[in-house]
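Scope of the values below: all heavy atoms of this structure, side chains included, with no hydrogens, waters or symmetry mates. All values reported here derive from a predicted model rather than from experimental measurement. We're numbering straight along the sequence, starting at 1.
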Amino acid sequence: RDDAISEVAEGLKHLGKAEKLMVHTSGVTPSDVFAPWFSRFGAFYPFQSFSIDRELIFSDIPICYYANNTEDNRFLNAIGLALGCKTYPINDKERAILHVNGVFVNNFTNYLYQISWDMTKQEGIPFDLLRPLILETAQKVMLHPPENMQTGPAIRGDKKSMKRHL
């Protein structure tokens, strides 16, 4: 839990304020959460959604990092590169903005998938019919700006079809 970071940091304060670099992996917790107990602090943020039953290729995960001094920034970057990841130096504000955008593209879309799951199940339509469309949409947005990938009645301005959907 993000709100446990300060509790854990306080419990580790015996390690020495000036000696140890303390980082967390939270998308939204400011790195200075460590400041009361440590003088060297930052964040090492693997930008990915993790699920217990999914095995990921860690080198495909971007690593965002920040430390409150130049030497530690270089160190965190080196760790990310050693893991085979692309690394990005981002500050606390940028990391929080990135995190909320991750919520938009991950959790919000997943919620929409759940609505479709429920609707198709209720009507006896296999959800599997939607899977190729979901994949195609995701693949297109990997190559092009999302606004250029809009299709269907919305892009055509087909108000009659949109009204039928409603």
Side-chain angles (χ1 to χ4, degrees), residues 1-9 21-35 38 40-70 72-120 127-158 162 165-166:
R1 295 181 343 265
D2 287 357
D3 60 358
I5 295 171
S6 61
E7 294 172 35
V8 172
L21 169 62
M22 297 300 293
V23 298
H24 62 65
T25 60
S26 169
V28 295
T29 303
S31 58
D32 65 0
V33 67
F34 296 114
F38 298 93
R40 296 172 56 208
F41 53 81
F44 191 79
Y45 179 49
F47 186 59
Q48 183 54 268
S49 175
F50 294 96
S51 300
I52 199 161
D53 62 339
R54 296 277 304 161
E55 193 168 322
L56 300 172
I57 301 170
F58 206 79
S59 61
D60 288 344
I61 300 170
I63 299 291
C64 302
Y65 66 92
Y66 168 80
N68 67 330
N69 70 61
T70 304
D72 289 335
N73 266 304
R74 283 194 293 260
F75 175 69
L76 294 175
N77 182 48
I79 291 174
L81 293 173
L83 292 169
C85 300
K86 288 185 180 177
T87 60
Y88 300 87
I90 65 170
N91 62 36
D92 287 344
K93 180 181 177 185
E94 294 166 330
R95 191 176 66 257
I97 292 168
L98 178 63
H99 186 272
V100 76
N101 280 277
V103 170
F104 286 139
V105 302
N106 184 44
N107 291 341
F108 282 20
T109 54
N110 192 60
Y111 180 71
L112 295 174
Y113 296 153
Q114 183 61 50
I115 291 171
S116 291
W117 176 277
D118 293 341
M119 288 174 65
T120 55
F127 184 81
D128 284 349
L129 291 169
L130 294 171
R131 293 183 197 275
L133 178 60
I134 292 169
L135 185 58
E136 176 64 14
T137 302
Q139 289 174 335
K140 287 192 297 191
V141 79
M142 296 299 290
L143 302 172
H144 306 284
E147 70 178 340
N148 296 346
M149 297 299 97
Q150 189 70 35
T151 65
I155 197 68
R156 294 190 310 265
D158 183 349
M162 289 188 278
H165 286 155
L166 293 173

Start with the C-alpha distance between Phe58 and Ile63, add both sets of side-chain angles, then the distance that settles side-chain contact (heavy atoms from CB on, under 4.5 Å), and finish with yes or no.
CA-CA 10 Å; Phe58 206 79; Ile63 299 291; 4.1 Å; yes
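- Around atom CD1 of Ile57, no more than 12 heavy atoms belonging to other residues, nucleotides or ligands sit under 6.0 Å away.
- How far NZ of Lys140 is from CD of Gln150: 9.0 Å, rounded to the nearest 0.5 Å.
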Would you sort out whether Thr151 and Glu136 count as a side-chain contact (heavy atoms from CB on, under 4.5 Å), showing the intermediate values?
CA-CA 12 Å; Thr151 65; Glu136 176 64 14; over 6 Å; no
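- For Tyr111, the OH atom is loosely surrounded, since the number of other residues' heavy atoms within 6.0 Å does not exceed 12.
- Between atom OG1 of residue Thr87 and atom OH of residue Tyr65 there is a gap of 5.0 Å, rounded to the nearest 0.5 Å.
- Crowding of Ile52 atom CD1: a count of heavy atoms from other residues, nucleotides or ligands under 6.0 Å not exceeding 12.
- Each of Phe44, Phe38, Phe34, Phe75 was scored for a side-chain contact (heavy atoms from CB on, under 4.5 Å) with Leu21, with one residue passing: Phe75.
- For the pair Ser31 and Ala43, the tightest heavy-atom approach, listed with the atom from each and the gap, is CB-N, 4.3 Å.
- Here the straight-line distance linking atom CE of Met149 with atom CD1 of Ile155 works out to 9.5 Å at 0.5 Å rounding.
- Judged by distance alone, the side chain of Asn69 and the main-chain N or O of Asp72 form a donor-acceptor pair under 3.5 Å.
- The environment of CD in Glu147 is sparse: at most 12 heavy-atom neighbours from other residues, nucleotides or ligands sit within 6.0 Å.
- Side-chain contact between Asn101 and Phe47 is absent, with no heavy atoms from C-beta onward closer than 4.5 Å.
- Proximity of a side-chain donor or acceptor of Glu94 to a complementary backbone N or O of Asn91 within less than 3.5 Å is detected.
- Using a 4.5 Å heavy-atom threshold, the side chains of Thr70 and Arg74 count as touching.
- Residue-environment remark: NZ (Lys86) stays at or below the threshold of 12 foreign heavy atoms within 6.0 Å.
- Asn110 contributes no side-chain N or O that, together with a main-chain N or O of Asn106, makes up a donor-acceptor pair within less than 3.5 Å.
- Between Ala138 and Val141, the closest heavy-atom pair is O-CG1, 3.2 Å.
- For the atom pair CG of Asn73 and CG of Asn77, the computed distance is 8.5 Å after rounding to the nearest 0.5 Å.
- Atom CG of Leu112 is separated from atom CG of Asn107 by 11.0 Å, given to the nearest 0.5 angstrom.
- Counting all heavy atoms, side chain and backbone alike, Leu130 lies closest to Ser116 at CD1-CB, 3.8 Å.
- The closest donor-acceptor contact from the side chain of His24 to the backbone of Ile5 lies at 3.5 Å or more, if one exists at all.
- Atom CE of Met119 has 12 or fewer neighbouring heavy atoms from other residues, nucleotides or ligands inside a 6.0 Å radius.
- Of the possible donor and acceptor atoms, one in the side chain of Ser26 sits under 3.5 Å from a partner among the backbone N and O of Val28.
- When every heavy atom of Ile90 is checked against every heavy atom of Tyr66, the shortest pair comes out as O-CB, 3.1 Å.
- Taking each heavy atom of Met162 and Pro153 in turn, the nearest pair found is CG-CB, 3.8 Å.
- Residues Thr120 and Leu129 form no side-chain contact, since every pair of their non-hydrogen atoms from C-beta on lies 4.5 Å or further apart.
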Could you go step by step and tell me if Leu98 and Tyr88 meet the side-chain contact (heavy atoms from CB on, under 4.5 Å) rule?
CA-CA 12 Å; Leu98 178 63; Tyr88 300 87; over 6 Å; no
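- Judged purely by atom type and a 3.5 angstrom limit, Arg40 has no side-chain atom pairing as donor or acceptor with the backbone of Ala67.
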